[in-house]
Amino acid sequence: MKVLGIDTSCDDTSAAVLDFGGGPVRIVTNVVSSQTEIHQKYGGVVPELASRRHVEMIWPVVSEALEGGSEGLSGLDGIAVCQGPGLIGSLLVGCSFAKALTYAAGLPLVGVNHLEGHLLSPFLLEREPEFPFLALVVSGGHTSLYKVAGYGQYEELGRTRDDAAGEAYDKVSKFLGLGYPGGPELDRRAREGDPARVELPRAYLPGSFDFSFSGLKTAVRLAREREPGVPLNDVAASFQASVVDVLTRKTEWAIRTFHIRRVALSGGVAANSSLRARMKEMAREREVELFLPPPGLCTDNAAMIALAGYHRLRKGERAGLDLNPRPYLPLGVPAE
Ligand code: KG4
Ligand code: ZN
């Protein structure tokens with residue numbers, strides 16, 4: 001069974017073909033067209049420019065994904081499209097395009113939650129996680145911790161109460177004049193900096209699996225005003241140490257609380273070198289299995305949408321031509 005996945009939730013146009021024909025899943029193609037250059041000069045994603053670029057790129061990106069699969073549309077068994085959460089204009093392009101393809105080719109269609117795509121991306125690895133596992137999804141729009149009992153069975157243990165971790169990276173970077181997107185740049189600079197140079201808070205929120213990164217952002221600003229001469233690399237390293245400490249410690253706490261010995265990391269911030277190193281260290285110490293997709297599968301991509309879509313299609317789920325994008329689309333059920 002071959003599935004085409006399409007993701008246009010934010011500022012990347014992406015299409016992928018996955019082959020589920022026995023044995024481990026095979027990524028036949030995974031094409032991502034980035035819009036970073038367009039949004040860079042504004043210091044963040046401009047929604048209207050994002051949708052216009054999606055309109056230009058959707059056909060070339062989908063064609064490239066299909067051509068790499070050699071058999072084109074006729075070799076497919078289904079189409080999965082990201083339905084939300086995301087920017088309404090961006091989502092609309094992907095959903096409309098997927099519906100048109102479905103209609104033209106007579107293929108089944110399914111709508112996928114972007115967060116489910118991230119959460120299941122560790123299943124693109126050679127060694128798949130077994131259920132149940134803990135999933136930390138850390139991206140530009142979301143930071144949540146889930147208990148995953150099976151496909152489609154997601155219990156949200158906690159989520160950010162304000163900014164997502166990636167959003168904090170992007171905003172701190174903008175404030176420091178380091179450009180967009182902030183994650184990769186701060187990650188690079190942090191490697192050269194002293195993480196103990198600037199004293200910053202850690203929002204552990206005891207008794208809750210929720211997160212909070214907005215106070216940290218303000219603390220960086222205040223520290224900068226107090227001591228403007230601190231090298232940027234040290235500010236980056238100190239900021240990153242706070243984010244990584246909180247994400248790692250709270251995951252560790254969930255492992256102890258729920259006695260679940262498998263942890264999967266996903267979302268753009270899971271590409272962060274320090275978070276990856278710390279999580280590996282923690283997993284080794286606590287003797288838990290860690291599932292960490294390569295950086296290219298942590299950031300937005302359509303392979304994860306095809307994968308999540310495949311499991312929905314297999315269960316018989318189908319979307320009609322009335323499928324609409326949903327900018328706010330929660331995933332799973334909140335923990336009691
Ligand atoms: O998952 P993603 O591609 O898109 C969303 O669904 O939001 O995540 C994008 C976010 C951005 O905030 C970006 O700054 C962050 O992931 N990011 C990183 C790194 N690479 C991307 N954050 C920290 N370190 C990185 N290396
Ligand atoms: Zn994402």
Side-chain angles (χ1 to χ4, degrees), residues 5-14 16 30 32-36 39-40 43-45 47 50 82-87 90-91 94 112-122 124 135-144 159-160 163-176 178-191 193 195 211 213-214 216-217 236-237 239-248 264-279 292-305 307-308 327-329 331:
I6 295 177
D7 186 273
T8 60
S9 56
C10 189
D11 62 338
D12 289 321
T13 319
S14 179
N30 187 20
V32 181
S33 165
S34 163
Q35 300 185 1
T36 302
H39 303 288
Q40 226 157 22
V45 177
C82 171
Q83 189 183 5
L87 299 170
S90 293
L91 291 166
V112 169
N113 185 312
H114 185 78
L115 296 171
E116 184 178 39
H118 277 306
L119 189 151
L120 293 181
S121 60
L124 296 168
L136 178 68
V137 181
V138 261
S139 70
H142 300 268
T143 298
S144 294
R159 58 156 67 203
T160 182
D163 289 358
E167 191 180 353
Y169 264 97
D170 294 337
K171 286 180 177 165
V172 165
S173 170
K174 188 175 179 179
F175 160 68
L176 295 174
L178 297 177
Y180 174 86
E185 179 61 13
L186 286 173
D187 188 2
R188 198 180 58 74
R189 283 181 171 268
R191 274 178 238 148
F211 301 91
F213 295 104
S214 143
L216 172 62
K217 206 177 52 187
F239 162 77
Q240 179 155 289
S242 169
V243 176
V244 171
D245 275 355
V246 170
L247 292 174
T248 313
L265 228 63
S266 57
V269 182
N272 184 266
S273 60
S274 170
L275 181 63
R276 296 172 79 87
R278 279 287 298 283
M279 284 284 187
L292 198 49
L297 293 176
C298 288
T299 45
D300 285 351
N301 66 86
M304 66 186 199
I305 302 298
L307 181 103
Y328 301 97
L329 188 59
L331 180 69

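This is a predicted model, so every value here is computed, not measured. All ligand and atom numbering here is 1-based and tracks the order in the structure.
Within ligand 1, counting atoms from 1 as listed, the ones closer than 4.0 Å to a heavy atom of Gly166 are 12 (O). Distances below 4.0 Å separate heavy atoms of Ala271 from the following atoms of ligand 1: 26 (N). Distances below 4.0 Å separate heavy atoms of Gly141 from the following atoms of ligand 1: 7 (O).
The two residues Gly44 and Tyr180 have their closest heavy-atom pair at CA-CD1, 3.8 Å. Nearest heavy atom pair, residue Ala16 against residue Ala303, reads CB-N, 3.4 Å. Closest of all the heavy-atom pairs between Gly140 and Ala164 is O-CB, 3.5 Å. Looking at every heavy atom in both residues, Ala165 comes nearest to Val243 through CB-CG1, 4.3 Å. Closest of all the heavy-atom pairs between Cys10 and Ala50 is O-CB, 3.9 Å. Minimum interatomic distance between Pro181 and Thr36 (heavy atoms only, all atoms of both residues): CD-CG2, 3.6 Å.
Nearest protein heavy-atom contact of atom 13 (C) of ligand 1 is Asp170 OD1, 3.8 Å. Of all protein heavy atoms, the one closest to atom 26 (N) of ligand 1 is Asp187 OD2, 3.0 Å. For atom 7 (O) of ligand 1, the closest non-hydrogen atom on the protein side is Gly140 N, 2.8 Å. The protein atom (non-hydrogen) at minimum distance from atom 19 (C) of ligand 1 is Gly268 O, 3.6 Å. Regarding atom 24 (N) of ligand 1, its nearest protein heavy-atom neighbour is Asn272 ND2, 2.9 Å. Ranking protein heavy atoms by distance to atom 3 (O) of ligand 1, first place goes to Asp300 N, 2.9 Å.
In this pair, His114 and His118 present their aromatic rings perpendicular. The plane angle is above 60°, beyond the 30 to 60° band.
In His118, the N, O or S atom that comes nearest to the Zn ion (ligand 2) is NE2. The nearest N/O/S atom of Asp300 to the Zn ion (ligand 2) is OD1.
Checked against the 6.0 Å centroid threshold, Phe213 and Tyr169 do not count as a close aromatic pair.
Within the model, atoms CG of Leu307 and CG of Leu297 stand 10.0 Å from one another, a figure rounded to the nearest 0.5 Å.
The Zn ion (ligand 2) lies at 2.8 Å or more from every N, O or S atom belonging to Cys10.
Residue-to-ligand polar distances place Gly183 within reach of ligand 1: an N/O pair is separated by less than 3.5 Å.
Put simply, part of His114 is less than 4.0 Å from ligand 1, judged by heavy atoms. Using 4.0 Å as the threshold, His118 has a heavy atom nearer than that to some atom of ligand 1. Under a 4.0 angstrom heavy-atom cut-off, Pro184 registers as being in contact with ligand 1.
A salt bridge links Asp187 to Arg191: at least one charged side-chain nitrogen sits closer than 4.0 Å to a carboxylate oxygen.
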